[in-house]
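Notes follow the structure.
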Amino acid sequence: MKRSVGIIGGGFIGTALAEALTGISLNSSNLEKYDVKLSFRSNKPEILINAVSYFYCDVAEGVLSAEDALFTVDSLVICIPPGFKKQLGDYYALNIKSLVDKAYESGVKQVIFTSSIGIYTEPSIQDENANIDL
């Protein structure tokens, strides 16, 4: 049986994770793929990753608006940045809490949190080619 993973945040980290999870799992004896669900906030991406299902999800000021199917997974990975540069950071903890609460209510077994904000040392515009702080 395939394990399912939901990813909140389809930026470069969430998208790269979705691509990796849909490939052959080297650690699995039966070489199964994961069932991956990736969120989008405004418009469904024009370029879609094969074998990934896309679902709407937005959270603002602690209010979650999302398709329930995104939370019918074994594991949920939250990879959304705080939005400090856009003056959205005041509600970040409340936004994360609303996602975790929804995951708990939906029976998600694991919640994993990550954010690209923690991997850069220099406060500047970054992309997938920038050096990260290991």
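Just so it is clear, the values below take in all heavy atoms, side chains as well, and ignore hydrogens, waters and symmetry mates. Quick note: residue numbers are just sequence positions, from 1.
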Checklist entry - Going by heavy atoms in the side chains, are Thr22 and Ile49 under 4.5 Å from each other? => result yes

Checklist outcome for this item: In short, Val108 meets Val111 closest at the heavy-atom pair CG1-CG2, 4.3 Å

Item to check | Stepwise side-chain contact (heavy atoms from CB on, under 4.5 Å) test for Lys102 and Asp68 | outcome: CA-CA 9 Å; Lys102 176 67 174 178; Asp68 288 337; 2.7 Å; yes

Checklist entry - Would you say Lys37's side chain and Ile7's backbone share a donor-acceptor pair under 3.5 angstrom? => result no

Next on the checklist: Keeping Asp35 on the side-chain end and Arg3 on the backbone end, is there a donor-acceptor pair under 3.5 Å?
Outcome noted: no

Checklist entry - Would you find a donor on one side and an acceptor on the other, under 3.5 Å apart, between the side chain of Ser106 and the backbone of Thr72? => result no

Checklist entry - With side chains defined as the heavy atoms from C-beta onward, is the minimum distance between Val77 and Ile8 less than 4.5 Å? => result no

Checklist entry - If only atom types and distance count, is the side chain of Tyr34 paired as donor or acceptor with the main-chain N or O of Ala18 below 3.5 Å? => result no

Checklist entry - Gly10 and Thr15: which non-hydrogen atoms are nearest, and at how many Å? => result O-OG1, 2.8 Å

Next on the checklist: Using side-chain contact (heavy atoms from CB on, under 4.5 Å), reason through Ile80 and Ile96 one step at a time and then give a plain yes or no.
Outcome noted: CA-CA 9 Å; Ile80 56 175; Ile96 298 300; 4.0 Å; yes

Item to check | ILVMFWY network linking Tyr104 to Leu99, side-chain heavy atoms under 4.5 angstrom | outcome: no

Checklist entry - Can Val100 be reached from Phe113 by stepping across I, L, V, M, F, W or Y side chains whose heavy atoms are under 4.5 Å apart? => result yes

Next on the checklist: I need the full list of side chain to side chain donor-acceptor pair (under 3.5 Å) pairs touching residues 54-67, with sequence neighbours left out, sorted by first then second residue.
Outcome noted: none

Item to check | Pairwise distance CG(Asp74) to OG(Ser4) - rounded to 0.5 angstrom | outcome: 3.5 Å

Checklist entry - side-chain contact (heavy atoms from CB on, under 4.5 Å) with Ala66: which residues, sequence neighbours excluded? => result Cys57, Leu64, Phe71

Item to check | Donor-acceptor pair, side chain of Ser39 and main chain of Gly9, under 3.5 angstrom | outcome: yes

Item to check | Leu38 CG to Leu48 CG distance, which is reported to the nearest 0.5 Å | outcome: 9.5 Å

Checklist outcome for this item: Note: Cys79 and Ile13 closest approach over all heavy atoms is CB-CG2, 4.3 Å

Checklist entry - Which value, rounded to the nearest 0.5 Å, describes the distance between Lys2 atom NZ and Leu21 atom CG? => result 12.0 Å

Item to check | Gly62 versus Asn95, closest heavy-atom pair with distance | outcome: N-OD1, 2.6 Å

